[in-house]
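All residue numbers refer to positions in the sequence shown, counting from 1. Values below: every heavy atom of this structure, side chains too, minus hydrogens, waters and symmetry copies.
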Amino acid sequence: LVTTNASPENDTDTFSSIAGDIFHFAHLGDVTAYPAMIAYLISSRQPDLIVLSHTEHFYHLLPFIQMKFPHIPVTDINHIEDMKWRSGGYPAISARFTGYISSHIVISDWLKTFMIQRGVQEQKLETIYIGADTAAIRPLPPAERAGRVHASFSKTAGTTVILFPARLTHQKKALLL
């Protein structure tokens, strides 16, 4: 797990017991050291997938990552645009780097359209809605759900897989997982 922005509050202690290694790049070095740090982490951890969300530093590292590790797909997750910041916020930045991103996940059709208008190919976009209607959508039994999750990430049963595309801060309520 890698974070790129310094934060006075975070839930690192809780996540470290689950995720193992957590690297707060902002505490480890200047942004000029990020390429070397990410190259080391990717080489030593050999991930099957890179998932990023709302991290400007990582978007700018994508050309470097693709050059060094072209076999690793990259997915990004966006949940909000901000026209007052960088002409559309992180989704606009994501659209500028879409050539280095295998797939984009957004939380609404509006945001999907926003990204298409900025050059992202529709087939690279998937909408996953927040706040699913649990009366209409029934979760799979836990054992079947765990099997599918592990299969999709090429992990063996018993391996904990957590996808939490947000800052590790109290505001994001990571501890509710």
* To do: Walk me through it: do S43 and F69 pass the test side chain to side chain contact (heavy atoms under 4.5 Å, CB included)?
  => CA-CA 9 Å; S43 294; F69 307 97; 3.5 Å; yes

* Asked: Strictly by modelled atom types, are S102 and K124 linked by a side-chain donor-acceptor pair under 3.5 Å?
  -> no

* **Test log, rule side chain to side chain contact (heavy atoms under 4.5 Å, CB included), inputs E56 and R86** => CA-CA 10 Å; E56 187 174 14; R86 305 266 194 257; 2.8 Å; yes

* Side-chain donor-acceptor pair present, H104, S94, cut-off under 3.5 Å -> yes

* Asked: Is there a donor-acceptor pair closer than 3.5 Å between any side-chain N or O of E81 and the backbone N or O of M83?
  -> yes

* **Check: T98 side chain, V120 main-chain N or O, donor-acceptor pair, under 3.5 Å** => no

* Return the orientation label for the Y100 and F97 ring planes: parallel under 30°, perpendicular over 60°, tilted otherwise. => tilted

* For the residue pair D76 and Y90, confirm or rule out a side-chain donor-acceptor distance under 3.5 Å. => no

* Please step through salt bridge (charged side-chain N to carboxylate O under 4.0 Å, His left out) for the pair K112 and E126, ending with a clear verdict. => CA-CA 8 Å; K112 181 178 181 178; E126 181 175 354; over 6 Å; no

* Asked: Can you find a heavy atom in the side chain of L125 that is under 4.5 Å from one in the side chain of I116?
  -> yes

* Asked: So, do D109 and Y129 sit near enough that their side-chain heavy atoms are less than 4.5 Å apart?
  -> yes

* Any idea which heavy atoms bring S103 and I101 closest together, and the distance? -> O-CG2, 3.2 Å

* To do: Mind listing the closest non-hydrogen atom pair of P91 and N78 along with its distance?
  => N-OD1, 3.5 Å

* Asked: Minimum heavy-atom separation for V74 to L62, with atom names?
  -> CG1-CD2, 3.9 Å

* I128 versus I107: any side-chain heavy-atom pair under 4.5 Å? -> no

* Structure fact -> Between Y34 and the options V31, D30, I38, T32, the side chain to side chain contact (heavy atoms under 4.5 Å, CB included) test singles out V31

* To do: Could you state whether V106 and I80 fall into the same hydrophobic cluster, counting links through intermediate Ile, Leu, Val, Met, Phe, Trp or Tyr residues with side-chain heavy atoms under 4.5 angstrom apart?
  => no

